Amino acid sequence: MVNLTIDGKSVSVPEGTTILKAARQLDIHIPTLCWLEKVSTTGACRVCAVEIEGVDRPMTACDTPVKEGINVTTQSEKLTRGRKQIMELILVNHPLDCPVCDAGGECDLQDICYDLDVTHQEFKADDVNPPTINHWPLIQQVPNRCILCEKCVKVCHELIGADALFVNEKGDRAFIDKKVENCTYCGNCVAVCPTGTMISKPFKFKARPWALRKVPSVCTYCPSQCQIDLNVKDNQVLRVTSNDEGTTNNGNLCVGGFFGSGYIDNKNRLQEPTVEQKPVSWDKAFERVVGEVERIKQESGAEAIAGFSSPRLTNEENYLFQKLFRAAIGTNNIDTEARFGALRTLHALNKGLGLQGASNTMAAIGNADAVLIFGADPTAEAPAVDWKIQDAVRRNGGKLVIANMRQVHLTQFADSQLSYKPGSEIALAHGLGRLLLDRGHLDEDDLKRTVSNLDELKADLAAVDLEQVIAATGLSREALEQAADIVGQADKVVVILGSDICKSASGISKSAAVANLTILSGALRTDGGLFPLDEKGNTQGVLNMGVYPEALPGFQSYAATKAKFAKAWRCDLPDGGLDADAILQEIEAGTIRFLYLAATNPQNFPNSSRWLKALEKVEVLVVQDIFPSEMTRLATVVLPGSSYAEKSGSFTSLDQTVRSFNQAIRPIGQSRADWEIFAELYGRLSKSPMTFSQADIFAEISELTSLYEGASFLDDDRRTCLQKPYQVADQGLQYQLVSVADGVEGLQLLTGTSAGHFGTTSTWAPAPLEVEPEGVLKVNAEDAKVAGVADGDQLKLISATGSTIGKILISESVPQGLIFAPHNFTALGIQQLMPDGDNLTSVQVAKA
Amino acid sequence: MFKEFAKGLSITLKHLLPGNCTTVQYPKQKLEMPPRFRGLHRLIPTPDREKCVACYLCPTVCPAKCITVVAAENEAGEKYPAVFEIDILRCIFCGYCVEACPMEAIEMTDAYELANFSRDDFHFDKQRLLKP
């Protein structure tokens with residue numbers, strides 16, 4: 001510790017602390033302009049100059065480390081004069097356009113000028129007057145207003161790793177320029193700009209910052225659930241901001257978070273209930289739904305009714321949904337799209353590791369010594385996880401291993417990239433496991449304590465043939481050994497697995513193989529972690545609330561705990577229950593006659609054409625959604641739900657943190673909060689009106705499940721409920737025997753999420769759509785040559801189940817033999833080509 | 001006593017004579033307002049647009065919250081008020097809007113005859129406020 005005196009007060013701080021940070025500890029305010037806590041220090045503006053006794057000239061507080069015994073003065077006449085002059089120099093050619101500048105009212109330059117009473121201009125300089133840059137999508141750059149603090153450049157480089165912004169030219173002609181092709185449109189440059197240089201075009205001129213009401217909320221696009229503030233005026237969400245302090249995302253947002261809120265007041269939103277495509281009152285619509293339920297129950301029993309809920313709905317809504325179906329309607333035929341992804345991973349993790357999601361909080365990722373990403377593209381699936389990984393790898397000295405068929409954004413920071421052959425995930429996991437053993441990286445004592453079937457584990461590892469692994473994965477032995485060494489030598493290991501694994505039809509065994517690797521890597525120690533990713537906002541919440549036939553809320557086996565819930569809900573609960581695959585079959589067979597789709601669109605399920613054909617046959621289709629689709633066209637009754645901004649509730653993030661948010665605006669048109677719709681239907685069907693409050697539901701969940709036991713509640717805006725890191729019990733882990741699947745042959749098509757979109761919701765938001773208007777097929781140059789197509793051409797893809805035509809982008813990120821297509825665009829319809837519940841298929845291509 | 005009474009009455013009678021009346025004969029006769037009188041607002045035009053740039057300072061400062069501004073971008077990329085409306089029924093004619101305006105785009109005229117027949121007539125939109 002170093003002792004020093006600032007303005008007569010003494011303080012003791014760790015070595016290497018800057019004077020600025022030491023002063024903040026004492027609540028002494030030193031003005032800053034170019035300093036931003038979350039990036040490296042720039043020291044460009046010199047407004048933070050302070051006097052140090054014995055040093056001739058003033059020193060900048062932001063980048064001068066403390067020294068033992070120094071005596072610092074932060075306020076003096078000389079300093080004020082100096083700071084004032086610095087401001088005058090910064091302002092020498094600054095345009096006086098505050099009335100039309102969007103930053104007016106939240107401009108650091110304005111604030112400091114007021115604080116220092118800068119009212120005169122003593123200096124003169126030739127005005128370069130560079131023109132405004134208006135051709136970038138979504139962001140306007142006004143170089144006139146720039147003070148070259150470089151915060152935007154640093155955020156872009158250091159935190160997002162996009163390498164898009166840079167300082168062009170020199171001297172008084174210097175300005176911030178952008179390599180547009182590298183930009184991810186995360187908007188963080190706009191957020192950190194202390195002046196009005198970086199302007200968000202969608203928000204431009206919409207409102208003054210002081211007229212906006214900031215409602216604390218949670219971004220629901222992806223499971224990272226960044227903590228955001230909805231900026232509301234006149235019942236409209238005009239922009240989204242996030243605080244640097246007190247958020248897990250450190251104020252950083254991605255294209256969805258920053259620019260993606262435009263879908264909320266999209267003109268195409270469903271605004272009134274319809275029956276047989278004709279607008280009706282809510283009462284009539286409810287009557288029809290209830291009438292149909294009762295009729296079909298009478299004619300064919302409750303088994304003829306099924307429903308889908310959604311990870312786009314809140315925890316409370318999902319809880320109400322399953323209660324409505326199980327208790328009021330009397331059927332257990334409920335499922336969600338998690339069936340084609342997250343549930344498979346859950347199954348494997350639960351069996352092998354006793355986990356029901358991630359094993360630690362997201363903060364652990366940033367402190368990891370080694371991060372192993374398996375079959376995931378965190379940048380696209382959960383951007384905040386990407387930033388945490390960059391924290392670990394670029395700032396805290398951690399190493400990064402990426403096992404992914406494709407090269408992803410994080411590949412540039414990886415110490416090892418294992419681009420395995422499509423379908424060889426299990427072989428790769430086995431190979432890495434074997435190498436961890438061979439190279440002496442296993443913690444025998446720990447394994448002995450935690451693994452229940454250590455003999456099986458050892459026998460299985462001994463049986464792994466590395467030559468076969470090398471052949472199956474197409475990777476070199478050196479690459480595998482290097483990766484195993486990185487993971488094996490690290491103390492704190494984080495394993496992240498994603499959609500390439502869980503969305504695969506053999507997702508259970510692939511997840512199990514990664515679970516085995518997790519055991520061997522030691523990632524389940526309390527300072528490491530395992531993080532399964534799913535691209536949808538509240539997938540963890542859906543699983544927690546038991547919206548699948550096998551379990552009741554809190555992962556309690558349906559068959560075993562049925563009685564407990566029946567007693568609490570004062571009703572009889574049905575036996576059995578069909579999952580998504582069975583529901584589809586029963587619809588085709590004609591036994592399921594009533595289907596309820598809550599915020600679910602089977603057009604985006606794999607083998608979507610089969611789903612669509614089946615749904616045309618359903619006798620009664622009730623669709624509760626916010627946007628029109630093929631489903632609303634087929635629907636008997638359409639119930640307009642609402643977006644998260646229009647209701648209150650809570651979401652569960654990928655690390656099981658529950659955060660609440662409050663209603664920010666009134667529902668659009670006649671639409672209603674989804675929970676209101678479920679509660680009304682429950683009341684009408686069970687003949688006992690249902691009162692609802694978030695607290696009631698929370699109390700009910702807490703009473704019936706152990707979900708929130710041991711969790712700590714923070715007293716913040718979002719009533720954050722934080723889970724404790726997972727403690728592995730003695731003999732609590734089970735090594736699962738997984739057999740290696742056969743490799744795949746020929747040209748493969750892989751689906752996944754695009755980095756610019758989140759589900760299909762963001763395709764209704766104008767801003768993300770401006771950057772990425774359509775789904776583009778990423779094709780390797782060699783494959784394109786074979787097919788005879790060039791960049792930008794249309795390519796026809798044909799699989800066993802369907803075909804589609806899409807524009808291609810020739811990209812080195814996909815290896816030869818693999819085409820990547822985003823499933824976010826209904827227009828591209830890539831899911832028609834996929835086999836049931838799968839994300840990889842053989843395709844043939846032809847020039848369109 | 002009678003003397004005082006007659007004196008008083010003579011003053012009264014003197015004022016009744018033509019030319020000695022202090023009451024302004026409104027509406028036949030109208031007062032000239034002092035230069036700083038705060039009457040109906042006016043938006044100052046420039047040759048091709050209004051001077052106002054929709055900075056929102058006047059609705060912010062307005063104590064009666066009677067000014068509605070909606071900013072937009074014109075073809076030249078400039079900020080302009082797509083909507084500028086004053087609800088004169090609410091206005092308290094304090095003149096803060098004029099004081100706050102950084103562009104000197106709004107002034108208060110000497111017009112004080114604001115009576116009208118319907119509430120809608122008291123909503124002064126941009127076109128009405130731009131009239132000289």
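Everything quoted here is computed from the prediction, not taken from an experiment. Below, read A as the first sequence line, B as the second, and so on, with proteins coming before strands; counting in each chain starts at 1.
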Tell me, for A:Lys204 versus chain B, whether the close heavy atoms (under 4.5 Å) come from the side chain, the backbone, both or neither.
side chain

Whether over 12 other heavy atoms sit under 6.0 Å from B:Arg90 CZ:
no

Rounded to the nearest 0.5 Å, what separates atom NZ in B:Lys79 from atom CG in A:Asp97?
10.0 Å

Other residues, nucleotides and ligands only: do more than 12 of their heavy atoms fall within 6.0 Å of OH on B:Tyr96?
no

Heavy atoms of B:Tyr56 and A:Phe205 approach each other most closely as OH-O, 4.3 Å

Please name the pair of heavy atoms, one in B:Cys55 and one in A:Pro99, separated by the smallest distance, quoted to 0.1 Å.
CB-O, 3.2 Å

Given heavy-atom pairs under 4.5 angstrom as the criterion, report whether the side chain, backbone, both or neither of A:Lys201 touches chain B.
neither

Taking CG in B:Leu17 as the centre, count heavy atoms belonging to other residues, nucleotides or ligands within less than 6.0 Å. Is the count above 12?
yes

Within a reach of under 6.0 Å around CD of B:Glu104, are more than 12 heavy atoms found that belong to other residues, nucleotides or ligands?
no

So does B:Glu32 have more than 12 non-hydrogen atoms from other groups sitting under 6.0 Å from CD?
no

